[in-house]
Amino acid sequence: MAQSDTVDRILDAAEELFAERGFSETSLRMITSKASVNLAAVNYHFGSKNALIQAVFARFLTPFTETLESAFDDLEASCEGAPPSLEQTLWALTESAVSMPQRNEKGISIFMRLLGLAYTQSQGHLREFLEEEYSQTFGRFMALLKGATPQLSAVDRYWRIQFMLGATAFTMSSSDALRDILQTKLGVETSVQEIAARLVPFLAAGLQAEAAIPTLISKPSVA
């Protein structure tokens, strides 16, 4: 078996199992069994489970960020010095994601599930890895969002970006199930590209909504 084939089989198995079970619940033996390789092969190619988790993310994110940087270059050139609009920025991100060559039809949904797990499970090494490797590209994205929403305070912008990420992760990670429900309930077929097209204006509207002043609701006093 060629080395590249072995690596791909390990990554494919790890990606699927991590998305199904989570990082902590997936053992290296589960991965080697699914990939039909021995433990020595995982240790040889990756060295550790943490390094394998990072490699799963890098396999998607490295080509994605290269595509995204090019999309941002084109966007800023087309705006001729004017700041890109919020929808233009979100479109650049979304189109870069859905246009990526996929190893299988569930590629985006699996990756978005993994991205959600990176936030919800204790994987400090992974967050450090993502910040170290991809901070330039995603810092550029955040700068474009800030330029397109000057009316927001830093706190409002922070929370709205988190809400945007949550809505995106849920929608794209559940895209297969959502498409099946739409087909069953309404008899309508849709594609991942169409889902993304519907998602972008929703996200843009949420990010630009009028800021609300939070109020504290006091508990009723007990007599």
Side-chain angles (χ1 to χ4, degrees), residues 11-23 26 53-72 75 86-121 123 126-127 129-131 133-134 137-142 144-145 148 157-186 188-209:
L11 288 172
D12 287 343
E15 181 181 85
E16 188 173 336
L17 287 170
F18 288 148
E20 288 177 357
R21 297 171 175 267
F23 300 115
T26 300
I53 292 171
Q54 293 168 12
V56 166
F57 277 77
R59 188 165 63 154
F60 181 90
L61 283 175
T62 296
F64 170 64
T65 52
E66 291 172 356
T67 300
L68 187 57
E69 286 282 2
S70 179
F72 286 157
L75 175 59
L86 182 56
E87 287 209 16
Q88 285 176 315
T89 300
L90 294 177
W91 272 116
L93 179 75
T94 304
E95 289 183 336
S96 295
V98 299
S99 66
M100 288 286 297
Q102 300 297 319
R103 293 174 302 281
N104 60 68
E105 61 181 9
K106 296 182 179 180
I108 291 181
S109 64
I110 289 175
F111 179 76
M112 294 306 296
R113 200 171 305 136
L114 291 171
L115 193 60
L117 290 173
Y119 273 82
T120 58
Q121 295 194 346
Q123 296 294 322
L126 179 57
R127 288 190 289 275
F129 169 76
L130 296 178
E131 289 174 4
E133 294 294 321
Y134 306 108
T137 301
F138 289 104
R140 186 177 181 186
F141 173 63
M142 293 302 178
L144 288 170
L145 286 184
R157 187 179 298 108
Y158 168 82
W159 281 115
R160 293 186 188 201
I161 288 172
Q162 305 314 310
F163 300 152
M164 176 187 74
L165 293 174
T168 302
F170 166 76
T171 302
M172 301 311 294
S173 66
S174 308
S175 59
D176 292 334
L178 295 173
R179 291 163 67 189
D180 288 343
I181 293 170
L182 184 64
Q183 173 67 39
T184 301
K185 297 292 186 181
L186 299 178
V188 175
E189 294 185 1
T190 192
S191 65
V192 172
Q193 288 77 10
E194 184 176 343
I195 294 173
R198 293 179 180 277
L199 183 60
V200 166
F202 174 84
L203 297 176
L207 282 164
Q208 296 180 104

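Side-chain atoms are counted along with the backbone in the values below, which use heavy atoms only and exclude waters and symmetry mates. Throughout, numbering of the chain's residues begins at 1 and tracks the sequence.
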If you measure from [atom1] on [X] to [atom2] on [Y], what distance do you get to the nearest 0.5 Å?
X      : Y      : atom1 : atom2 : answer
Leu199 : Met164 : CG    : CE    : 9.5 Å
Leu17  : Glu20  : CG    : CD    : 6.0 Å
Glu189 : Asp180 : CD    : CG    : 10.5 Å
Leu93  : Leu203 : CG    : CG    : 9.5 Å
Ile110 : Met112 : CD1   : CE    : 13.0 Å
Leu61  : Phe129 : CG    : CZ    : 8.0 Å

Open item on the list: Is there a side chain to side chain contact (heavy atoms under 4.5 Å, CB included) between Leu90 and Leu207? Walk through the geometry before answering.
Closed with: CA-CA 11 Å; Leu90 294 177; Leu207 282 164; 4.2 Å; yes
Task: Note, Leu130 side chain near Leu126 side chain (heavy atom, < 4.5 Å) - done: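 Yes, side chains in contact.
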Task: Beyond-backbone contact of Arg179 with Ile195, side-chain heavy atoms, under 4.5 angstrom - done: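 A side-chain contact under 4.5 Å exists here.
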TODO: Determine the interplanar angle of the Phe111 and Phe57 rings, folded into 0 to 90°, and report it as parallel if under 30°, tilted if 30 to 60°, perpendicular if over 60°.
DONE: perpendicular
Open item on the list: Thr137 vs Glu66, test: side chain to side chain contact (heavy atoms under 4.5 Å, CB included). Steps then yes/no.
Closed with: CA-CA 8 Å; Thr137 301; Glu66 291 172 356; over 6 Å; no
Task: Partners passing salt bridge (Lys or Arg N to Asp or Glu O under 4.0 Å) against Glu16 (at least two apart in sequence or in another chain) - done: Lys34
Where [X] and [Y] come nearest, the two heavy atoms and their spacing:
X      : Y      : answer
Ala204 : Leu86  : O-CD2, 3.6 Å
Arg157 : Leu145 : NE-O, 4.4 Å
Leu68  : Ala92  : CD1-O, 3.8 Å
Arg160 : Gln208 : NH1-C, 3.8 Å
Gln193 : Val98  : NE2-O, 3.8 Å
Gly22  : Leu117 : CA-CD1, 4.0 Å

Task: side chain to side chain contact (heavy atoms under 4.5 Å, CB included) evaluation trace for Gln54 with Glu133 - done: CA-CA 10 Å; Gln54 293 168 12; Glu133 294 294 321; over 6 Å; no
- [ ] For the pair Thr168 (side chain) and Leu165 (backbone), establish whether a donor and an acceptor sit closer than 3.5 Å, ignoring hydrogens and angles.
- [x]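 Pair absent, no side-chain N/O of Thr168 close to backbone of Leu165.
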TODO: Name all pairs fulfilling the salt bridge (Lys or Arg N to Asp or Glu O under 4.0 Å) condition that reach into residues 195-209, sequence neighbours left out, sorted by first residue then second.
DONE: Glu194-Arg198
Task: Phe18 vs Val56, side chain to side chain contact (heavy atoms under 4.5 Å, CB included): CA-CA, chis, key distance, verdict - done: CA-CA 9 Å; Phe18 288 148; Val56 166; 4.3 Å; yes
